[in-house]
Each structure stands twice: as structure tokens, then as C-alpha cells.
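As the structure is a prediction and not an experimental result, all values here were calculated from the model. Atoms within a ligand are numbered from 1 in the order they appear, just like the ligands themselves.
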Amino acid sequence: MGKIAILYGSSGGNTEMVAKGIADLFDGDADLYNVEDISVNVIKPYKYLILGASTTGIGDLQDDWESFLPSFAKADLADKTVAIFALGDSASYSSSFAEAMKVMYDAIEGKTNIVGSVADEGYTYDDTLAVVDGRFVGLPIDEDNEYDLTDDRIGAWVDELKKIFV
Ligand SMILES: Cc1cc2nc3c(=O)[nH]c(=O)nc-3n(C[C@H](O)[C@H](O)[C@H](O)COP(=O)(O)O)c2cc1C
């Protein structure tokens, strides 16, 4: 068992693929869970959590994560450190880009230590609730338009998380 749990929800497979890519970069320290298949008790032994979801509707959270979120937000997260990533489409949904991360963020803010915010430089979008004070509250990934940037983006993010997840 690793020290990090990656909890993802994916409707079309993009978030799952990114979650696997992130897990690989942690060299065996991270275990992958699809929130469709688990109860919240799974998180108990882990100090570090990474939450990943795609954005659906207009700025909504992926369906499986939406079902999982109420129990997750009620769990004891006080001693945990949490990072968030979200998939989005910055061209077709330029005014709600990657907002799934903000739904998760808002549900747990104040209950746990949230890390892994990302500067919004290098992203093109009209508007998003996912940016607070100039930074995304987690890592946005756009597999629809910028898949060629994904490896570099997750690589840089995981390098930062490795300094925190010790
Ligand atoms: C019905 C629908 C609604 C979407 N709404 C948004 C949105 O509001 N904001 C956004 O950034 N992306 C939105 N997207 C894009 C998805 O988040 C993106 O394609 C993502 O890579 C899908 O990941 P998945 O395959 O893990 O579900 C939407 C996609 C669909 C199909």
C-alpha cells in the first residue's frame, strides 16, 4: 500500500488516464481508486489524498464524484493533506473551465489542508470559478485541446507535491 490515495471519477476515460499518469510518477507511493467503486472508509489509512474529476454540465462535478462528495466531505479529513486536479475543455467550455475542482474545493475547504494550487499562466479561458486570487485551486488538464501539454503539466505538479507529501 502506498501513502497516497488518488480518488478519481471519469465519465469518458480522460480523467482515469490522467490519474494513472499521476500515479506512475509517484513510483509505487500512490494507490488508485475509482470513486464509483469505493466507500469513503478507503481513505482512512492515507495521510495524502489526490482528488481528480472531470467537469460536466456547466461547471458541474463528474457524476460519480458528485455522488461520493457528501460522504467524503463528512469524513474526518483534519489530519490529511489534499491536492485536487480537474479535467476540462477550455475551448468549448471557456467560461466554466475545469470548475469541477472548485466544487470539490468548496466542499472541503476549512476541513483539511489543501495544497497544489497552480498559476493560471499558460491557460487560455474566458472565465472560471476555479481560479482564486490568480491561481487555480488545483491542477487543470485539457485533454480536448492541449493533450500535448499534459505530461509536462502533471510532471511539474507531481514534482511540487513530492516536496509536500513526504
Ligand atoms: C456534457 C459535457 C459537459 C462539459 N462541461 C464542461 C464544463 O463546464 N467545463 C469544462 O471545462 N469542461 C467541460 N466538459 C469537458 C470535459 O470535462 C472534458 O472533455 C474531460 O476531458 C472529460 O473527462 P472524462 O473523460 O474523464 O469524463 C464537458 C464535457 C461534456 C461531455
Per-atom contacts of ligand 1 with [X], taking only distances under 4.0 Å to non-hydrogen atoms:
X     : result
Leu87 : 17 (O), 20 (C), 21 (O)
Gly88 : 10 (C), 11 (O), 12 (N), 17 (O)
Ile58 : 8 (O)
Ser11 : 24 (P), 26 (O), 27 (O)
Gly12 : 24 (P), 25 (O), 27 (O)
Ser96 : 7 (C), 8 (O), 9 (N), 10 (C), 11 (O)
Gly59 : 7 (C), 8 (O)
Thr15 : 23 (O), 24 (P), 26 (O)

So which atom in [X] and which in [Y] form the shortest heavy-atom distance, rounded to 0.1 Å?
X      : Y      : answer
Ser95  : Asp126 : OG-CB, 3.7 Å
Glu146 : Tyr123 : OE1-CD2, 4.4 Å
Met104 : Phe85  : CE-O, 3.9 Å

Checklist line | Residue pair Asp29 / Tyr48, side-chain donor-acceptor N/O under 3.5 Å | finding: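 Their side chains do not contain a donor-acceptor pair, so the 3.5 Å distance test is not met.
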Check: Looking at atom 4 (C) of ligand 1, would you say a protein heavy atom lies below 4.0 Å from it?
Finding: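 Flag for atom 4 (C) of ligand 1 set to true, protein heavy atom closer than 4.0 Å.
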Notebook entry, point to check: What do you reckon, are the aromatic ring centroids of Phe136 and Tyr125 less than 6.0 Å apart?
Noted result: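 Yes, the ring of Phe136 comes within the 6.0 Å limit of the ring of Tyr125, centre to centre.
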Next item on the list: Please tell me if the side chains of Ile38 and Phe68 come closer than 4.5 Å, counting only heavy atoms from C-beta onward.
Entry: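 Result yes, sub-4.5 Å side-chain heavy-atom pair found.
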Checklist line | From the candidates Tyr8, Tyr93, Phe97, the one that places a heavy atom nearest atom 2 (C) of ligand 1 | finding: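 Ranked by closest heavy atom to atom 2 (C) of ligand 1, first place is Tyr93.
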Checklist line | Identity of the nearest option to atom 1 (C) of ligand 1, non-hydrogen atoms only, from Asp144, Asp60, Thr128, Thr56 | finding: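 Residue with the shortest heavy-atom distance to the ligand atom: Thr56.
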Of all the non-hydrogen atoms in the protein, which one sits nearest to [atom], and at what distance?
atom                    : result
atom 12 (N) of ligand 1 : Asp89 N, 3.1 Å
atom 23 (O) of ligand 1 : Ser54 CB, 3.2 Å
atom 14 (N) of ligand 1 : Thr55 O, 3.2 Å
atom 21 (O) of ligand 1 : Asn14 ND2, 2.9 Å

Check: Under a 4.0 Å heavy-atom limit, does Ala98 contact ligand 1 with its side chain, its backbone, both, or neither?
Finding: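 It is the backbone that touches ligand 1; the side chain stays farther off.
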Notebook entry, point to check: If Ile, Leu, Val, Met, Phe, Trp and Tyr residues are connected whenever their side-chain heavy atoms lie under 4.5 Å apart, and connections chain through other members, are Val115 and Leu25 in the same group?
Noted result: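 Linked within one cluster.
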Checklist line | Common cluster, Val40/Leu49, ILVMFWY with side-chain heavy-atom separation under 4.5 Å | finding: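 Val40 and Leu49: one cluster.
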Margin query: Testing Thr15, Leu149, Val18 one by one against Ile141 for a side chain to side chain contact (heavy atoms under 4.5 Å, CB included), which residue passes?
Written below: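 Exactly one candidate clears the test, Val18.
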Next item on the list: Working to the nearest 0.5 Å, report the span between CG of Leu87 and OG of Ser54.
Entry: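 Rounded to the nearest 0.5 Å, the CG-OG separation comes out at 6.0 Å.
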Note to self: Is there a polar contact, in the sense of an N or O pair closer than 3.5 Å, between Ser90 and ligand 1?
What the structure shows: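 Not met; the criterion fails.
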Next item on the list: List the steps, then state whether side chain to side chain contact (heavy atoms under 4.5 Å, CB included) holds for Trp157 with Ile22.
Entry: CA-CA 9 Å; Trp157 194 59; Ile22 290 171; 3.8 Å; yes
